[in-house]
Amino acid sequence: QVQLVESGGGLVQAGGSLRLSCAASGLTGSIDVMGWFRQAPGKEREFVAAIDWIAGPTVYADSAKGRFTISRDNAKNTLYLQMNSLKPEDRAVYYCATKRGRALSRRQSAYAYWGQGTQVTVSS
């Protein structure tokens, strides 16, 4: 049974930082691609970043470039999202997800397994 568990969310002031983690278990075979998505109140869920689990290439949403960094610890099967210079508009529930196949994707429909999410709140 595939399980993705996010942690690290919380309340932070604008300009602050948070590091989200996503622990993966139950995945048969190797992990191919993992990504972060977020959903703000009243909005559609949107792509944030994704990483090729083996080789390491990454892709970011424009809103995340220069502020967020996606990384992974292969030995721990853990995905991270370092978020710096946070803004009130970054407030959302952040989800990690995983997909089969090595192609990086921004499409939610490409990802088969999802975590339950972790809340990030940024105060102004």
Side-chain angles (χ1 to χ4, degrees):
Q1 178 179 349
V2 176
Q3 191 171 21
L4 302 177
V5 180
E6 302 96 336
S7 61
L11 173 63
V12 64
Q13 287 189 328
S17 299
L18 281 175
R19 188 176 83 153
L20 306 183
S21 299
C22 172
S25 62
L27 289 158
T28 57
S30 63
I31 299 172
D32 294 323
V33 169
M34 290 195 74
W36 288 100
F37 291 77
R38 69 184 183 183
Q39 187 167 20
K43 295 188 176 181
E44 298 286 321
R45 189 158 57 183
E46 64 179 8
F47 171 77
V48 177
I51 186 167
D52 180 315
W53 196 258
I54 304 302
T58 57
V59 62
Y60 292 90
D62 287 345
S63 58
K65 286 178 183 176
R67 299 188 302 125
F68 295 1
T69 302
I70 188 171
S71 63
R72 85 287 191 211
D73 184 326
N74 301 64
K76 295 181 178 179
N77 274 4
T78 301
L79 177 73
Y80 302 101
L81 186 68
Q82 177 67 43
M83 304 187 294
N84 299 328
S85 302
L86 282 162
K87 306 174 182 179
E89 51 264 43
D90 294 317
R91 177 194 175 200
V93 177
Y94 284 72
Y95 299 89
C96 65
T98 185
K99 66 177 289 288
R100 293 298 188 190
R102 296 283 299 277
L104 294 174
S105 177
R106 300 169 184 260
R107 295 183 296 109
Q108 296 183 52
S109 60
Y111 292 79
Y113 299 102
W114 293 79
Q116 292 299 305
T118 185
Q119 176 71 52
V120 171
T121 303
V122 184
S123 63
S124 56

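Note that the structure is predicted; figures quoted are calculated from it, not measured. Heads up: numbering here begins at 1 and tracks the sequence.
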Query raised in the report: Linking I/L/V/M/F/W/Y whenever their side-chain heavy atoms sit closer than 4.5 Å, directly or via other members, would Y80 and V120 fall into one cluster?
Result: no
Query raised in the report: Can you list every pair that meets salt bridge (charged side-chain N to carboxylate O under 4.0 Å, His left out) and has a residue in residues 66-83, with sequence neighbours left out?
Result: R67-D90
Report summary line: Residues passing the side chain to side chain donor-acceptor pair (under 3.5 Å) test with E89, sequence neighbours excluded, are none
Query - Within 6.0 Å of CD in Q116, more than 12 heavy atoms from elsewhere - result: no
Query - Check: K99 side chain, A103 main-chain N or O, donor-acceptor pair, under 3.5 Å - result: yes
**Report entry** E6 side chain to G117 backbone, donor-acceptor under 3.5 Å
**Finding:** yes
Query raised in the report: Ignoring hydrogens and geometry, is there a side-chain-to-backbone donor-acceptor pair from T121 to L11 under 3.5 Å?
Result: no
Requested in this report: Indicate yes or no for a side-chain donor-acceptor contact from T98 to the backbone of A112 under 3.5 Å, with no hydrogens or angles considered.
Outcome: no
Query - Path from Y60 to V33 over hydrophobic side-chain contacts below 4.5 Å - result: no
Query raised in the report: When rounded to the nearest 0.5 angstrom, what distance separates CH2 in W36 from CE in M83?
Result: 8.0 Å
**Report entry** Straight-line distance of M34 CE to T58 OG1, nearest 0.5 Å
**Finding:** 15.0 Å
Report task. Ignoring hydrogens and angles, tell me if any N or O in the side chain of D32 forms a donor-acceptor pair with the backbone of G101 under 3.5 Å. Result -> yes
Report summary line: Contacts satisfying salt bridge (charged side-chain N to carboxylate O under 4.0 Å, His left out) that involve residues 55-66 (not counting sequence neighbours) are D62-K65
List the atom pairs, with distances to 0.1 Å, where a side-chain N or O of residues 19-27 and a protein N or O form a donor-acceptor pair under 3.5 Å, not counting sequence neighbours.
none

Report task. Check whether any side-chain heavy atom of N77 lies under 4.5 Å from a side-chain heavy atom of I31, and answer yes or no. Result -> yes
Query - ILVMFWY cluster, L104 and W114 together (side-chain gap under 4.5 Å) - result: yes
Query - OG on S85 to CZ on F68, rounded to 0.5 Å - result: 9.0 Å
Report task. Sorted by first residue and then second, give each disulfide bond (SG atoms under 2.5 Å apart) pair with at least one member in residues 30-74; sequence neighbours left out. Result -> none
Requested in this report: Can you sort out the partners of S124 under side chain to side chain donor-acceptor pair (under 3.5 Å), two or more places apart, ordered by chain and number?
Outcome: none
Requested in this report: Just jot down the side chain to side chain donor-acceptor pair (under 3.5 Å) partners of S17, sequence neighbours excluded, or say none.
Outcome: N84
Report task. Return each pair, listed once, that meets ring pair (Phe, Tyr, Trp, His ring centres under 6.0 Å) where at least one residue sits in residues 82-111; pairs must be two or more places apart or across chains. Result -> F37-Y111
Report task. For side chain to side chain contact (heavy atoms under 4.5 Å, CB included), just list the numbers for I70 and L79, CA-CA rounded to whole Å, side-chain angles, deciding distance to a tenth of an Å, and then say yes or no. Result -> CA-CA 8 Å; I70 188 171; L79 177 73; 3.8 Å; yes
Pairs under 3.5 angstrom only: tabulate donor-acceptor contacts from the side chains of residues 43-53 to other protein residues two or more places apart or in another chain.
| residue | atom | partner | partner atom | Å |
| --- | --- | --- | --- | --- |
| R45 | NE | Q108 | OE1 | 3.0 |
| E46 | OE2 | R38 | NE | 2.7 |
| E46 | OE2 | R38 | NH2 | 3.1 |
| D52 | OD1 | I54 | N | 2.9 |
| D52 | OD1 | A55 | N | 2.9 |
| D52 | OD1 | R102 | NE | 3.2 |
| D52 | OD1 | R102 | NH2 | 3.4 |
| D52 | OD2 | R102 | NE | 3.0 |
| D52 | OD2 | R102 | NH2 | 3.2 |

